[in-house]
Amino acid sequence: MKKTILLLAALPTVAAGATTDWTDDVKKALIAYEDDSTFIRKVNFTYREQWQMAAVQPNGSNGLHLKDGASPFNSEFRRSWIGLNVMAETGTQFNVIGRIGGLPSRSSYSGGRTKRNFTYTDIYSLWVKQNISAVPGLSIKAGKFAPQFTTDFRMSNASIPCVERSFVANQFGLDTNWGVEINYTTPDKANVVYIEVMANDRACASKSLGRDDVYRDGRGLKGEFGWEDKCFMIIGGTHKFDITDDGYQAVSLEYMHDFNNAYHGRRSPGANNYGFGFKDALSLGYELKQGKLTFRANAVAAFEQQAGYGSNNVGIQLQPVYSIHPQVDLVFRYNGMTGDGACKLGADRYICTQTTAATWVDSLHAFYFGVDLYASAKNKDAAKLMFGAEYVTSRKGGSDYYNGWEFTTAIRFNF
């Protein structure tokens, strides 16, 4: 407890009545140009960095799941991104983010030996958004961007309160994808509806590396595009109510459909399983923000899993976050899923790296306990230190399969 108090004392704070702090100064320094009297109104750079480490500890006899020669520990630069935003007088916004991934600090274990990740660079996002002046609140976006499906994926990865997204969200394996989004937000920001049609260029389950147009390992700008086996669609909306100065409530509903032509365990010649791993999925979300408490709940139902036997999946996520100090949040998250061979244990980042546990199981439960420390009380996501411990238990083939702890720590910067 004394160490925590000392750490909090060392964190920069926002003085009473202050309008800016050091994070505002950093953001201001990243503005390359700003002038409301010219066609180009604003040009600014963005920067995001995350380093994290983890220790996977299978319980008891589950220690046999640890890969031969593998350490329970791993670490990596999870994100290293630099981006550019350009805003124009016409209500046009251009965004591009480049990332460095796979930096050679994270280990993988195969054939009884340790290997380091290779480093790559690619484009995380590249899009143009146009506000339609004739209909205030209506916009069209085209390019490469993150899909909006589940409560987790509607939040920026700089804003999620846990070190990693949940099992419920990560089972869909959604990354940025090429597509078009039409979005309408009412002037009071209380209602949002949108539709996205995306040609996914990141392989979910399997792919044929022999095809000359293959998008290898989901990196770069090249992609396979085609309506029959590459496209998926999302229709969604959010409604906020009970809006006060102290908080609000919100409900959301999303439907996602994959136009892939390989289901029920069958594979059509030449078809790659791109997309989110199921034929259809529904997500129902609820959010409550009241004073120091933020509570999010998300229920999902996913149908006809592609990698296995076409089985269905039902999952739930419960996530309260309570602020005990302007610069300290306590985080809890529960994930529960059930489905015959359709619950993605491999959605966890390190269980699949360090252990021999299968990707898909019949059911799982995960309990996350975390503490987030913020360097700025005003801009909490600008710089934070995160600690998390998650206990996972699962069943497969009618018996206990994998259970154990995962301990993670992350330092995240977002400007």
Side-chain angles (χ1 to χ4, degrees), residues 93 95 125 127-132 135-160 165-202 204 227 230-243 248-260 274-289 294-304 312-319 335 337 347:
Q93 180 182 1
N95 170 274
S125 67
W127 50 263
V128 175
K129 178 181 176 182
Q130 179 63 56
N131 295 326
I132 309 301
V135 184
L138 180 65
S139 66
I140 298 176
K141 180 163 65 175
K144 189 179 185 186
F145 54 90
Q148 297 188 69
F149 187 78
T150 74
T151 301
D152 259 5
F153 275 108
R154 282 187 289 105
M155 297 177 67
S156 161
N157 47 41
S159 302
I160 55 174
R165 299 187 191 272
S166 66
F167 281 94
V168 165
N170 275 345
Q171 68 173 324
F172 299 113
L174 296 173
D175 196 0
T176 52
N177 305 275
W178 296 95
V180 177
E181 176 190 275
I182 300 175
N183 182 297
Y184 175 70
T185 303
T186 55
D188 60 3
K189 311 296 183 184
N191 299 286
V192 180
V193 292
Y194 60 90
I195 180 169
E196 299 174 339
V197 178
M198 313 198 83
N200 194 340
D201 60 2
R202 183 170 178 131
C204 171
W227 180 265
K230 304 300 183 296
C231 264
F232 67 95
M233 174 190 68
I234 301 172
I235 300 174
T238 301
H239 170 63
K240 284 187 177 181
F241 57 99
D242 287 347
I243 302 173
Y248 60 87
Q249 296 186 70
V251 292
S252 59
L253 178 65
E254 297 121 20
Y255 166 68
M256 184 160 58
H257 174 74
D258 196 327
F259 295 96
N260 195 300
Y274 281 42
F276 57 93
F278 294 85
K279 183 177 181 180
D280 295 281
L282 286 168
S283 172
L284 175 63
Y286 170 77
E287 183 176 356
L288 168 68
K289 183 172 178 57
T294 300
F295 174 75
R296 295 182 178 90
N298 197 184
V300 299
F303 306 95
E304 296 192 37
N312 302 331
N313 167 297
V314 176
I316 189 169
Q317 174 180 340
L318 304 174
Q319 184 174 285
N335 278 187
M337 289 196 292

Report the C-alpha distance between I234 and F232 in whole Å, list the side-chain angles of each, state the deciding distance to 0.1 Å, and finish with yes or no for side-chain contact (heavy atoms from CB on, under 4.5 Å).
CA-CA 7 Å; I234 301 172; F232 67 95; 4.0 Å; yes
On a heavy-atom basis, which atom in G237 and which in Y194 lie closest, and how many Å separate them?
N-CE2, 4.0 Å
Check for a donor-acceptor pair, side chain of D242 on one end and backbone N or O of Y248 on the other, with a separation under 3.5 Å.
no
Side-chain heavy atoms of D280 within contact of E304, under 4.5 Å:
no
Roughly how far, to the nearest 0.5 Å, is the CD1 atom of I140 from the CD1 atom of I182?
5.0 Å
Taking atom NZ as the centre, does K141 end up with more than 12 heavy-atom neighbours from other residues, nucleotides or ligands that are less than 6.0 angstrom away?
yes
Any donor and acceptor pair, going by atom type alone, linking the side chain of D152 with main-chain N or O of S166 inside 3.5 Å?
yes
Considering only heavy atoms from C-beta outward, does the side chain of V300 approach that of Q171 to under 4.5 Å?
yes
Using a 3.5 Å distance criterion without hydrogens, assess whether the side chain of E254 forms a donor-acceptor pair with backbone atoms of Q148.
no
Close side-chain approach of F153 to N170, heavy-atom, < 4.5 Å
yes
CD-CD1 distance between Q249 and I243, expressed to the nearest 0.5 angstrom:
10.5 Å
Answer whether the closest heavy-atom distance between the side chains of M256 and F172 falls below 4.5 Å.
yes
Listed by chain and number, what are the ring-ring contact (aromatic ring centres under 6.0 Å, His included) partners of F167, not counting sequence neighbours?
none
Rounded to the nearest 0.5 angstrom, the CZ-CG distance for F149 and L174 is 8.0 Å
Listed by chain and number, what are the side chain to side chain contact (heavy atoms under 4.5 Å, CB included) partners of T151, not counting sequence neighbours?
R154, R296, N298
How close do A169 and T150 get, heavy atom to heavy atom, and via which atoms?
CB-OG1, 3.7 Å
What distance separates M233 CE from E196 CD, expressed to the nearest 0.5 Å?
11.0 Å
Can you name the nearest heavy-atom pair linking T238 to A250, along with the distance?
CG2-CB, 4.3 Å
So N157 and R165, side-chain contact (heavy atoms from CB on, under 4.5 Å) or not? Walk me through it.
CA-CA 8 Å; N157 47 41; R165 299 187 191 272; 3.4 Å; yes
When you compare the side chain of Y184 with that of N191, does any pair of heavy atoms fall below 4.5 Å?
no
CE of M198 to CH2 of W178: how many Å apart, nearest 0.5 Å?
10.0 Å
Option among T185, T186, V192 that satisfies the side chain to side chain contact (heavy atoms under 4.5 Å, CB included) test with K189
T185
Atom CG of N95 and atom CZ of F145: how far apart are they, to the nearest 0.5 Å?
11.5 Å
Show your working on side-chain contact (heavy atoms from CB on, under 4.5 Å) between N335 and V168 and close with a plain yes or no.
CA-CA 7 Å; N335 278 187; V168 165; 4.1 Å; yes
